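Following: one structure in structure tokens, then a few remarks.
Note that the structure is predicted; figures quoted are calculated from it, not measured. Chain letters run A, B, ... following the sequence lines, proteins first, then strands; residues in each count from 1.
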Amino acid sequence: MQKGATYSYEPSPGPLWNKAFAAALAIASTGALAILLRLFFGLGFSTNLNDGHPWGLWITWDVLVGTGLGCGGFGLALLVYALDKREFSSLMRPAILTGALGYSFAGFSVILDLGRYGNVYHLFMPSHWQFNSVLFEVALCIMAYTLILWIELVPAMLERKVILGYRIRPNILERWLYRLLFVVLALGMLLPIMHQSSLGSLLIIAGHKVHPLWQSILFPAYFLISAILMGYGAVVIECYLTSSLYGTPFEVRTLGRLSGIAAWLSLFYLFVRLEDLTFRGLWAEALEGWPGMLFVVENALYVAPIWIVANKERRNNAGWQFVAAILFIAASALYRFNTYWFAYNAHVPWRYFPSFLEILVVIGLIGMEVVLYLAAIHFFPILPASRPVLASSEK
Amino acid sequence: MATAKKFSYNSGSGKPLADLSRRQFIKFCGCVAAALGMPASMAPKIARAIEQGGRLPVVWLSFQGCTGCTESLLRSTHPTLEKLIFEIISLEYHETLNAGAGIQAEAALKETLNRDAGRFVLVAEGAIPLADKGVYVRINEQAGVDLLNEVAPKALAVIAIGSCASWGGIPSAGPNPTGAKSVGSILEGRPVVNIPGCPPNPYNFLSTVLYFATFGKLPELDAHNRPKFAYGRLIHENCERRPHFDAGRFAKAFGDDGHRKGFCLYKLGCKGPETFANCQVVKFGDVEASPISIGHPCFGCTESGVGFEKPMFQRADIQRFTPPAFYPHVFEPRGEGVTPLTAALGGVAFGGAIGAGYALTNRLFKATDGKEGADKPKGGGAHEDE
Amino acid sequence: MRMNRRGFLQTLAIGGGALSAPSFANARQDKALSPGALGLLYDATKCVGCQACVIACKEVNGMPPEFSDPDHLWDAPLGLSASTRNVIALYKEGGRHSFVRQSCMHCVDPACVSACPVKALTKEPKTGVVHYDAGTCIGCRYCMVACPFNVPKFEWGSAYGKIVKCQLCDHLLAKGEKPGCSSACPTGAIQFGGVQKLLQEAHARLKAAPGAYYPKVYGEKEGGGTQVIFLSALPFEKLGLPDLPDVSSATLSETIMHTTYKGFGMPIFLFALFAFIARRNLQKGKEE
Ligand code: SF4
Ligand code: SF4
Ligand code: SF4
Ligand code: SF4
């Protein structure tokens, strides 16, 4: 196995303007319109959020799933830099780009979701800091990590020596960046551990309002694992999507190994989760009613990809890998939706289903992310080059 | 007309001016105190004021009105009119009640204006027409507005009685061909106490006059210059049908079952919820009657913009909302559930994602089925670690 | 659906086991009732459902009416909301019924205060009144998620809404007046006063007429205690008051937070570890 190969990256082939880009742009503009409506007419007008479900689709999808999907960079960083599994480094840049976009848009949608967004600067004023608040920790940590993700992308941008007609001379910046890279990388691993687990801790204070099947003091652990799983899933899907869009090579072996790791992690997760229930004697409730059904589906979604990946043949098959990746994401996403939405009950029966505009904003934000992603990989060397440097130099 | 003279109860002449006994008199003062929202202990003070201060001279001018206000006063029995005008106040001039007529009456008015200037109370009944130089009311060759402007400056206080004088009333209702205006709007800059009502309750008038006589100042007024003791609360707030309103029991048509049972008249257009007056407390004609109590909705006569303005059966704009006589349940379900529209959009988004995923999966399966392990789509070379 | 005390403690235990190590050495204690704490005693057996408190609360706080009927005839809130800080709800079962008042409980150890990221919600140290400041609030609505009684409500109808909840009429308290609701109550079902006194009073009532009451003072211990306490003839759960463990959810949440972030020890340690490994691996990469 080749160690230490420095992978090279290149901008995506073909013109920026293609059908996918146009479609994404159209969707993004619709979303922008919906966002304007929210800003002018308020949350009550544009969403179905209510006093029983103060957090809805924007939080569950954009923040919980969005940042989860953005954790590919974090998960890979753990493998590449902490565990020194260099073979995964070719997947790094696209994953970090997805992360940067995912986190930025999560932040953006939180701003949309804030009722009094004009006061958001209070989060930066020490006189307002409230260290007991889990949300305070999550907010600052997510902002810091978003910054880190963009910094991690700077090398990619610097590689392109001409930006918009300006020649840039990156020498000094580059030197400093590389010298301090290890700090950036360490933060890139630490911060997600902090805030992804805290996304789970957020709900501990909600106590009895979260169904006992989900309410658990192990929330931080579950959220951390589900974040990593979603990140891995996102990496796999993204690789195949861009490869088939641009005809770049599949990384079947590497992704197979990644899927294997994800499966082990899921297994561990399931073990703890079920053990937690046994310990609290909640099995009778696990299969009861509507929450019970959600619980079963959620965990079945974890079991299925483990079964897929358990077989070596399937593990090294692009199609199966893809299915498994989707299942990892679906399972973790459902888990997160359950905790914040489906199994969250304000004691009094409150109905909630997102409004038309709410859904439109979510779709629009996805459109915007895709537009920016396509533009970024078009202008900057993000996707892995067709061959490793060594191989291409031999050519 | 009687000259101003000290009120004397069973005065020395041995000939009582009227048969108002001391007991009845104190009782009357007690009623006035109650109407003013003052304790009964105030009654002697009011009595003393009437006895010692002498009777208050009153000049009553009639303009563009139906004389309903006078009629209403004529029908009051606590006290009766004659007791009022002979013993409590000194009515110097009143077109309907004057003893004399024509030149005699006008002479009496002139005399009063001279003698009692700055001491008398002016009561104006009816609106003041301004169109065509005020030609629509002429008294003694004088336009109504000119008469008002002549008398008012000499008065100690001005009371506009009835809705016409208070805010225009019927004459001012659209299209208002005579240009009818309220007394207050003519005498701008001078406080005018409004006692609206069509007709007004005589006790509100009497109480105001006696408050003035007793305390030497006007009672507390609301934003429309109405005495608060009489116009401080909504009809709706003192209505005997209110429990029906709170419970949601409404008459829906005249003579229907609900109407016969005495249900609330709101849905028949009752303006009680937007009309400030005490008709439901101090009722009319000494038979404990009010429009609402005989089954007709209040039509809002005391309220400018409501009476003669709003259609009779149009629903009122409720001014003060209060909870009904029923309650939310402890576990009251609320919130917006799924609708066809949102379900459709959600379904399209979700279905689209699934469809795309399915298509791509298919493609990947095909790509890998061709060759073992890995394969290239569209010309790209498969990258394998060696 | 509800997590009972046993389940709660078990979760705590398994969590403690999982986090092992020093863990709950840092366990924060529930906050204690301040001696000058002010509150309300609501006695459901005395409440006749006149809703005078609802009207009074609206008046003293300048709150708009809230309609739930198609004709908009009544100020008829279905529960607490941005325009309603105090509401009387009805529980009916068979021949029995009881009214129950809903409003902020002014928790001794409030979850909302622990949750708010910017100190928009604060607990007045002396009176214990939980106060909200719209000028500080960012509108994240975490307080709504956190409050075990679902009290804070958001002004959804506004383009720039705020949180609304009962603040024990602290604007009236400042003038030496009593809260609107308790002043208005014609039967004395809402009594205002020092919490210690109210608790004594509540227990005295329980003792004087044991048959008339469900034998508990709700709020004495629930969720770490509340400054608004309840007496009722029916079990409190039926009246919508959740069966809470004695330890406040703020305690649990902050214990977890501070166990992991105490002095930032754990993050700093992890950071150092990651930095060290990353640096070594980066150098190794360069050398090869
Ligand atoms: S609407 Fe009219 S009839 Fe009904 S309670 Fe009010 S004042 Fe009385
Ligand atoms: S009841 Fe809710 S809003 Fe009131 S103090 Fe307690 S946690 Fe805060
Ligand atoms: S909505 Fe406002 S008061 Fe509530 S937690 Fe957020 S910032 Fe604090
Ligand atoms: S204390 Fe004041 S704000 Fe709170 S419920 Fe009573 S009246 Fe309303």
Side-chain angles (χ1 to χ4, degrees), chain A residues 3-4 39-44 49-52 54-55 81-82 84 86 114-120 122-123 128 130 132-137 139 181-183 185-187 189-190 193-194 201-202 204-209 211-212 215-218 220-221 276 279-280 282 345-348, chain C residues 1-3 7 10-12 14-15 18 79-81 111 114-119 134-142 144-146 148 150 153-162 240 242-244 249-250 252-254 256-257 260-261 267 270-271 274-275 277-279 281-282 284-285 288:
Chain A
K3 278 256 166 154
L39 290 178
F40 280 118
F41 297 108
L43 286 168
L49 292 173
N50 54 48
D51 287 328
W55 288 348
Y81 300 110
D84 201 20
R86 220 58 72 80
L114 286 184
R116 305 178 78 71
Y117 42 81
N119 285 342
V120 75
H122 287 165
L123 284 173
H128 285 296
Q130 214 282 82
N132 295 330
S133 169
V134 186
L135 190 61
F136 171 70
E137 192 262 337
L181 193 57
F182 75 99
V183 175
L185 289 178
L187 282 175
M189 287 180 271
L190 170 70
I193 291 182
M194 284 167 62
S201 316
L202 266 180
I204 286 176
I205 205 166
H208 67 106
K209 290 154 86 175
H211 191 280
Q215 179 58 276
S216 163
I217 209 150
L218 295 180
D276 180 12
F279 190 84
R280 286 188 290 147
L282 284 174
N345 189 336
H347 200 59
V348 182
Chain C
M1 288 293 291
R2 261 162 268 107
M3 171 144 60
Q10 281 175 348
T11 329
L12 202 72
I14 189 177
L80 297 181
S81 74
S114 163
C116 180
V118 290
K119 294 189 193 153
T136 305
C137 171
I138 59 173
C140 66
R141 308 187 295 282
Y142 188 29
M144 302 172 71
V145 172
N150 303 296
K153 299 295 178 202
F154 185 71
E155 215 176 21
W156 300 102
S158 152
Y160 197 65
K162 57 177 184 295
D243 179 17
L244 297 178
S249 54
L252 188 55
S253 172
E254 290 183 23
I256 303 254
M257 272 293 281
T260 26
Y261 291 113
L270 269 181
F271 175 77
F274 284 141
I277 298 176
R279 184 137 187 234
N281 287 339
L282 277 175
K284 212 160 79 184
E288 272 170 36

Among C:Gly79, C:Ser114, C:Ser81, which residue forms the greatest number of heavy-atom pairs with chain A at distances under 4.5 Å? C:Ser114
Who among C:Ala159, C:Gly157, C:Pro148 has the most heavy-atom pairs with chain A under 4.5 Å? C:Ala159
Taking every non-hydrogen atom, the tightest pair across [X] and [Y]:
| X | Y | result |
| --- | --- | --- |
| C:Cys140 | A:Leu135 | SG-CD2, 3.5 Å |
| A:Ile205 | C:Ala111 | CD1-O, 3.5 Å |
| C:Asn150 | A:Ala346 | ND2-O, 2.6 Å |
| C:Trp156 | A:Leu43 | CE3-CB, 3.9 Å |
| A:Ser133 | C:Cys116 | CB-O, 3.5 Å |

Starting at [atom1] of [X], measure out to [atom2] of [Y] and round the result to the nearest 0.5 Å.
| X | Y | atom1 | atom2 | result |
| --- | --- | --- | --- | --- |
| A:His208 | C:Asp243 | NE2 | CG | 9.5 Å |
| C:Thr136 | A:Gln130 | OG1 | CD | 12.0 Å |
| A:Leu185 | C:Ile277 | CG | CD1 | 12.0 Å |
| C:Glu155 | A:Arg116 | CD | CZ | 8.0 Å |

Which atoms of C:Ser158 are under 4.5 Å from chain A, going by heavy atoms: the side chain, the backbone, both sets, or neither? backbone
A:Glu137: what forms a salt bridge (charged side-chain N to carboxylate O under 4.0 Å, His left out) with it, not counting sequence neighbours? none
Considering only heavy atoms from C-beta outward, does the side chain of [X] approach that of [Y] to under 4.5 Å?
| X | Y | value |
| --- | --- | --- |
| A:Trp55 | C:Tyr142 | yes |
| C:Asn281 | A:Phe182 | no |
| A:Phe136 | C:Val118 | no |
| C:Ile256 | A:Ile217 | yes |
| A:Asn132 | C:Met257 | no |

Most chain C-contacting option - heavy-atom pairs closer than 4.5 Å, from A:Ala206, A:Pro54, A:Gly42: A:Pro54
Choice from A:Asn50, A:Leu282, A:Ile193, A:Val120 maximising heavy atom contacts with chain C below 4.5 Å: A:Asn50
Derivation and outcome, side chain to side chain contact (heavy atoms under 4.5 Å, CB included), residues C:Ile138 and A:His128: CA-CA 11 Å; C:Ile138 59 173; A:His128 285 296; over 6 Å; no
Under the side chain to side chain contact (heavy atoms under 4.5 Å, CB included) test, which residues partner A:Tyr117, sequence neighbours left out? A:Arg38, A:Leu39, A:Ile111, A:Leu114, C:Tyr160
Sub-3.5 Å donor-acceptor pair from the side chain of A:Asn119 to the main-chain atoms of C:Gly135, do we have one? yes
Can you tell me which portion of A:Leu49 sits under 4.5 Å from chain C's heavy atoms? Options are side chain, backbone, both or neither. both
Carefully, step by step, assess C:Phe271 and A:Val183 under the rule side chain to side chain contact (heavy atoms under 4.5 Å, CB included). CA-CA 9 Å; C:Phe271 175 77; A:Val183 175; 4.0 Å; yes
